[in-house]
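Shown next, in structure tokens, is the structure this report addresses.
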Amino acid sequence: MKKHLLVLAVLSSLAACAQAADIKVYGVLDYGLTVSKNTGKDGSSHWDTAMKSGGRNSSRFGIKGTEDLGNDYKVGFILESQFLGDTGALQTEGRLWERESSLSLSGPFGKVTVGRLGYMKGVVGSTALYNSYRVNPFGGVQDKYIGGFKPYMTGTTWSVDNSIVYATPQMAGLTGYLQYSNATNGDEGETNNAKDRYFAGALRYQNGPLFAQMLVDTTNRGNAETYSDKTHKDPFSAGMQVAYDFGFVKPFFMVEYFKESTLNNSGKLTVTKHNYDGFGTTLVLQTPIWGGQAKLGGGYMNAELSDDKNGTAKYDVTRYGVSIGYDYPMTKRTHIYTDAGFIKQTVEQFQQADETKKGYEYIIGMVHYF
């Protein structure tokens, strides 16, 4: 009985809010069938088949709204959750609004957003700047070995706690962005530097068919985290993303330089060390065909251990891969997609044989927006 009263109270509150503000319930459902295989050390000799949630877009639902305060000022909020469509479970147990929980104020000065927000160097949430339709049509990574940009770049594509993002007004096609988090995970702790603190800045230019963006970020390691303030070195990255729509084809280019950074895993292509210096790059071509969008591209990354001073700690990682895909909109809200990918990883170690792993994957799926 109490649960029923709680649900009625929530619905009544939303209905009351909707009278004063523009409230919207929305979401995405994505299901795909994948076939994958990896070879090399600890590799499999057979193809694995599985139903996956979020093959192209993460399955999610959310509530968002805005209220017009007058004089070009608006207040907005977003509550967004991610779940596994094939099981119905939350992506992370115990965290409902995992993707975003934010409040924003916009006006002639620009826009300020606070709460749990997506990393600017990521694909999640309203503050992310690496959205697939802007920087890479394959997104971050599709399941295992259909490589977007994540296997070749550093940094998480998820969300960060205790964050504030400022976006400037657009001026002559230019928009600036700043992000800060006093504690990337959980509460801030008892002291100012008890937890990891995240900083990022970006400059974006959009004019007609041209999109260009530069982004830098770093994380100041906190005393209470894995690294001590006296011994750690903070990760740093600087990247550029460019796209230009020629009409018959649209190329997407990304490049990133990084230091003291953690590499992302791709399926079972993992690394056992930490803190790398190196660079990564991707290039994807997208072209309209048969009412949909065909895409072809690949990426390359080369990294070495940051603390390998004399070569005896050598652990160099090289990755490259190619992907091909096709997206077809059956309606504005329902799309079908199919993609295939291959990624190869080679690790070179001091006085040891090279370790090579390869991953293959094919996926077909459907996504519906509501």
Side-chain angles (χ1 to χ4, degrees), residues 36-48 121 130 135-136 138-157 215-219 221 226-227 231-241 253-284 296-324 340-362:
S36 62
K37 176 182 179 180
N38 67 287
T39 63
K41 185 178 180 181
D42 300 325
S44 63
S45 58
H46 62 277
W47 292 89
D48 296 322
K121 195 176 78 174
Y130 276 18
V135 302
N136 190 313
F138 288 102
V141 61
Q142 291 188 251
D143 195 32
K144 295 180 180 178
Y145 309 115
I146 300 172
F149 60 83
K150 189 176 176 182
Y152 313 106
M153 308 289 169
T154 63
T156 179
T157 60
L215 189 150
V216 296
D217 76 337
T218 185
T219 299
R221 300 293 188 188
T226 305
Y227 301 92
T231 62
H232 82 274
K233 293 182 180 179
D234 295 334
F236 169 83
S237 76
M240 178 177 66
Q241 305 83 45
F253 173 74
M254 301 179 67
V255 64
E256 180 187 77
Y257 166 77
F258 53 86
K259 288 183 67 66
E260 299 288 345
S261 298
T262 301
L263 302 185
N264 291 312
N265 296 329
S266 182
K268 292 188 177 181
L269 305 186
T270 61
V271 293
T272 59
K273 307 291 184 178
H274 302 283
N275 291 21
Y276 292 85
D277 300 342
F279 74 95
T281 184
T282 65
L283 175 63
V284 179
L296 171 66
Y300 175 83
M301 181 197 69
N302 184 274
E304 61 182 21
L305 281 181
S306 304
D307 59 357
D308 183 20
K309 305 301 182 183
N310 54 20
T312 57
K314 180 178 181 180
Y315 193 89
D316 297 347
V317 181
T318 302
R319 278 186 194 154
Y320 70 83
V322 294
S323 296
I324 187 171
F342 162 80
I343 298 179
K344 178 181 178 180
Q345 173 179 290
T346 300
V347 176
E348 300 177 39
Q349 301 184 64
F350 179 68
Q351 294 183 344
Q352 295 187 39
D354 294 351
E355 179 183 297
T356 298
K357 293 182 179 181
K358 301 176 183 178
Y360 309 81
E361 183 179 17
Y362 171 76

Scan side-chain atoms only and decide if Tyr315 and Thr272 contain a donor-acceptor pair under the 3.5 Å cut-off.
yes
Result of checking Asn136, Leu283, Val284, Thr281 against Met254 for side-chain contact (heavy atoms from CB on, under 4.5 Å)
Asn136
Test your reading of the model: is there a side-chain donor-acceptor pair from Ser237 to the backbone of Tyr257, 3.5 Å cut-off?
no
Answer yes if the side chains of Asp234 and Thr219 hold a donor-acceptor pair under 3.5 Å, and no otherwise.
no
Just by modelled atom types, is the Asn275 backbone N or O under 3.5 Å from a matching donor or acceptor in the Ser261 side chain?
no
Polar side-chain atom of Asn38 near backbone of Tyr360 as donor-acceptor pair, under 3.5 Å:
no
Asp48-Ser36 side chain donor-acceptor pair, cut-off 3.5 Å:
no
Between Ser323 (side chain only) and Gly147 (backbone N and O only), is there a donor and an acceptor less than 3.5 Å apart?
yes
Say whether, by atom type as modelled, one donor and one acceptor occur between the side chain of Tyr145 and the main chain of Lys268 under 3.5 angstrom.
yes
State, yes or no, whether a side-chain contact exists between Tyr300 and Phe279 at a heavy-atom distance under 4.5 Å.
yes
Between Tyr130 and Val135 the two heavy atoms that sit nearest each other are O-CG2, 3.4 Å
I'd like to know if the side chain of Asn264 and the backbone of Lys150 have a donor-acceptor N/O pair within less than 3.5 Å.
yes
Can you tell me if Glu361 uses its side chain to pair, donor with acceptor, with the backbone of Ile146 under 3.5 Å?
yes
Does some side-chain heavy atom of Phe253 sit less than 4.5 Å from a side-chain heavy atom of Met240?
yes
Option from Thr154, Leu263, Thr282 for which side-chain contact (heavy atoms from CB on, under 4.5 Å) with Met301 holds
Leu263
Gln345 (side chain) donor-acceptor with Thr270 (main chain) under 3.5 angstrom:
yes
